[in-house]
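Take a look at the structure below.
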Amino acid sequence: MEEWCVSMPKIELHAHLNGSIRLTTLLELAKALTENQKGAVNISQVEHVIMKHDLSLTEVFQLFDLIHNVITDHNTVTRITKEVIEDFASDNVVYLELRTTPKRNDSIGMSKRSYVDAVMEGLRSVSSVDVDFIPNTQDSTSLSNLPIITNENSRKIIIVRLILSIDRRETTEAAMETVKLALEMRHLGVVGIDLSGNPKTGEWTTYLPALKFAREQGLSVTLHCGEIRNSKEIKNMLEFHPQRIGHACFFEDEHWIKLKSSKIPVEICLTSNIRTFSVASIEVHHFACLYKAKHPLVLCTDDTGVFSTRLSKEYKLAANSFGLGRWEMLELSRNAVEYIFADNGVKNDLRIFFNSVANNMEV
Ligand code: IMP
Ligand code: ZN
């Protein structure tokens, strides 16, 4: 089962770039800070937090602050992006929507644009696998070059698209800047907008003008929704009808009814939800109920670094906890093709690709 979870092709739709940092890289970067830079970071604290297994939601956001303190320049952003892509590809993720919050840091001459350019540079610098990240005018991807399913000897291909995140600490204007940047960079593979950040911070309505503008301009929108108990926000978010939502942990009956009738796909992050105590245990996770109801779902990692996970581990956890077999897992992965934000050319190539994998499996 474990082997199958790794080898089957997978789709990842909810992964935060900096949360997916390799922990070895994080420690290396923290230790390499100059005395000046160290001012903000206490290395022993970094080590302690990184090694801690169960982080509360509050501690998770403290860790993000540490990570952001360590990622101090464009080159580091590029390096982390490269490593994250390599890690997802080695786990046989064939399509990845990577999200990140564009950051401005005047002291080092970093603008939101230059930050995303550094991410692009990371995509370009991967050499161990083929990375398809620029939308193709011919409406097809490098996957269409694969005559049959990949085998151990064929060179790996990963399609990557970007989602730009708005952090709940930002202002309406800063959020609008991110949406405009996403529009400017569409031809470079930016496909959507995400609202994330500490759910205990800010009001999501601050970002409504930017989110509405994104939608009017044809960008897809995904919202972190129901990470804490906030009935009104959950209700209003569902009424906004984003293309997808992430988590859906603290839903009440009226929210489930609304969600199910809306058919909004849910990005499920099992380990993240358990580790942050957003769901009491895997046995009571809402995956089971949504899966049974055939609600659109996709298994995702959230933050592979912070939560020490991989997408194959999430599939294995789902298989062990909810009794899914190899075929059900492949179907789960294949269904996710319908919820991706990339264009129909990519969708078609992925459909053909998954069909060939499924056919091969039946033989
Ligand atoms: P970045 O956007 O690449 O810097 O990735 C880290 C950021 O993603 C964090 O600072 C948060 O804003 C966001 N993020 C990561 N995990 C979560 C989560 O579980 N809930 C809400 N926001 C998150
Ligand atoms: Zn998330």
Side-chain angles (χ1 to χ4, degrees), residues 12-22 25-26 29 49 55-72 74 76-85 88 96-105 110 112 115-116 118-120 122-123 160 162-170 174-175 178 181-182 190 192-202 204 207 221-228 230 233 237 242 244-250 266-279 298-309 311 314:
E12 169 66 78
L13 301 183
H14 187 137
H16 299 267
L17 172 62
N18 287 310
S20 305
I21 187 174
R22 290 179 189 163
T25 300
L26 178 56
L29 292 171
V49 176
L55 295 165
S56 68
L57 202 58
T58 304
E59 285 171 321
V60 163
F61 284 96
Q62 283 166 354
L63 182 54
F64 284 129
D65 286 341
L66 285 175
I67 292 173
H68 292 147
N69 276 331
V70 165
I71 299 166
T72 46
H74 294 102
T76 311
V77 173
T78 298
R79 169 183 172 180
I80 290 163
T81 307
K82 177 175 181 278
E83 292 179 352
V84 166
I85 301 300
F88 276 110
L96 162 67
E97 276 174 21
L98 187 61
R99 56 185 79 187
T100 193
T101 321
K103 292 161 190 73
R104 187 176 150 187
N105 183 348
M110 183 184 278
K112 285 191 172 189
Y115 174 89
V116 183
V119 172
M120 296 282 172
L123 300 180
V160 181
L162 294 180
I163 295 176
L164 301 191
S165 300
I166 296 167
D167 187 314
R168 293 179 67 120
R169 287 178 292 198
E170 292 187 283
T178 297
L181 181 61
V190 176
I193 292 290
D194 156 56
L195 177 65
S196 53
N198 193 336
K200 294 175 187 159
T201 309
W204 88 289
Y207 312 106
V221 174
T222 176
L223 304 175
H224 280 64
C225 178
E227 280 184 285
I228 56 170
N230 187 341
E233 181 177 283
M237 281 184 168
R244 296 197 306 254
I245 58 166
H247 299 302
C249 297
F250 286 90
V266 184
E267 302 152 358
I268 296 276
C269 309
L270 297 171
T271 301
S272 161
N273 296 159
I274 304 298
R275 296 274 301 267
T276 58
F277 312 110
S278 303
V279 172
V298 50
L299 283 182
C300 304
T301 54
D302 211 8
D303 301 286
T304 52
V306 171
F307 300 121
S308 305
T309 190
L311 193 52
E314 297 300 306

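Just so it is clear, the values below take in all heavy atoms, side chains as well, and ignore hydrogens, waters and symmetry mates. Counting convention: from 1, in listed order, for ligands and their atoms alike.
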Might you work through the side-chain contact (heavy atoms from CB on, under 4.5 Å) test for Thr100 and Leu162, ending with a clear yes or no? CA-CA 8 Å; Thr100 193; Leu162 294 180; 5.7 Å; no

Proximal candidate to atom 20 (N) of ligand 1 [heavy atom criterion; set Glu227, Arg99, Lys103]: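 Closest candidate by heavy-atom distance is Glu227.
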
For atom 16 (N) of ligand 1, the option (of Leu98, Val306, Asp303) bearing the nearest heavy atom: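 Nearest option to atom 16 (N) of ligand 1, by heavy atoms: Asp303.
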
Tell me the contacting part of Asn198 for ligand 1: side chain, backbone, both, or neither, using a 4.0 Å heavy-atom threshold, strictly below.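 The answer is neither; Asn198 stays 4.0 Å or more away.
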
Asp167 and ligand 1 - part of the residue with a heavy-atom distance under 4.0 Å: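 Answer for Asp167: side chain.
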
N/O/S atom of His16 under 2.8 Å from the Zn ion (ligand 2), yes or no?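 Coordinating: yes.
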
For the Zn ion (ligand 2), does an N/O/S atom of His224 lie at less than 2.8 Å?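 So His224 does bind the Zn ion (ligand 2) by this criterion.
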
Assess the residue pair Thr304 and Phe88 against the criterion (side-chain contact (heavy atoms from CB on, under 4.5 Å)); give the C-alpha distance rounded to whole Å, side-chain angles, the decisive distance to 0.1 Å, and a yes or no. CA-CA 9 Å; Thr304 52; Phe88 276 110; 4.0 Å; yes

Evaluate [X] for polar contact with ligand 1, using N/O atom pairs at a separation under 3.5 Å.
X: Gly197; result: yes
X: Thr101; result: yes
X: Arg169; result: no

Sub-4.0 Å heavy-atom approach of His68 to ligand 1: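 Right, His68 reaches ligand 1.
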
With a cut-off of 4.0 Å, which atoms of ligand 1 are near a heavy atom of Leu17?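 By the 4.0 Å cutoff, the relevant atoms are 3 (O).
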
Is it true that Glu227 and Arg168 have a side-chain N and a carboxylate O under 4.0 angstrom from each other?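 Salt bridge flag = no for Arg168 with Glu227.
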
Check all N, O or S atoms of Asp302 and name the one closest to the Zn ion (ligand 2).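 Distance check against the Zn ion (ligand 2) picks out OD1 in Asp302.
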
Check all N, O or S atoms of His14 and name the one closest to the Zn ion (ligand 2).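 In His14, the N, O or S atom with the shortest distance to the Zn ion (ligand 2) is NE2.
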
Could you label the plane-to-plane angle of the His16 and His14 rings as parallel, tilted or perpendicular, counting under 30° as parallel and over 60° as perpendicular?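 Perpendicular: the ring planes of His16 and His14 meet at over 60°.
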
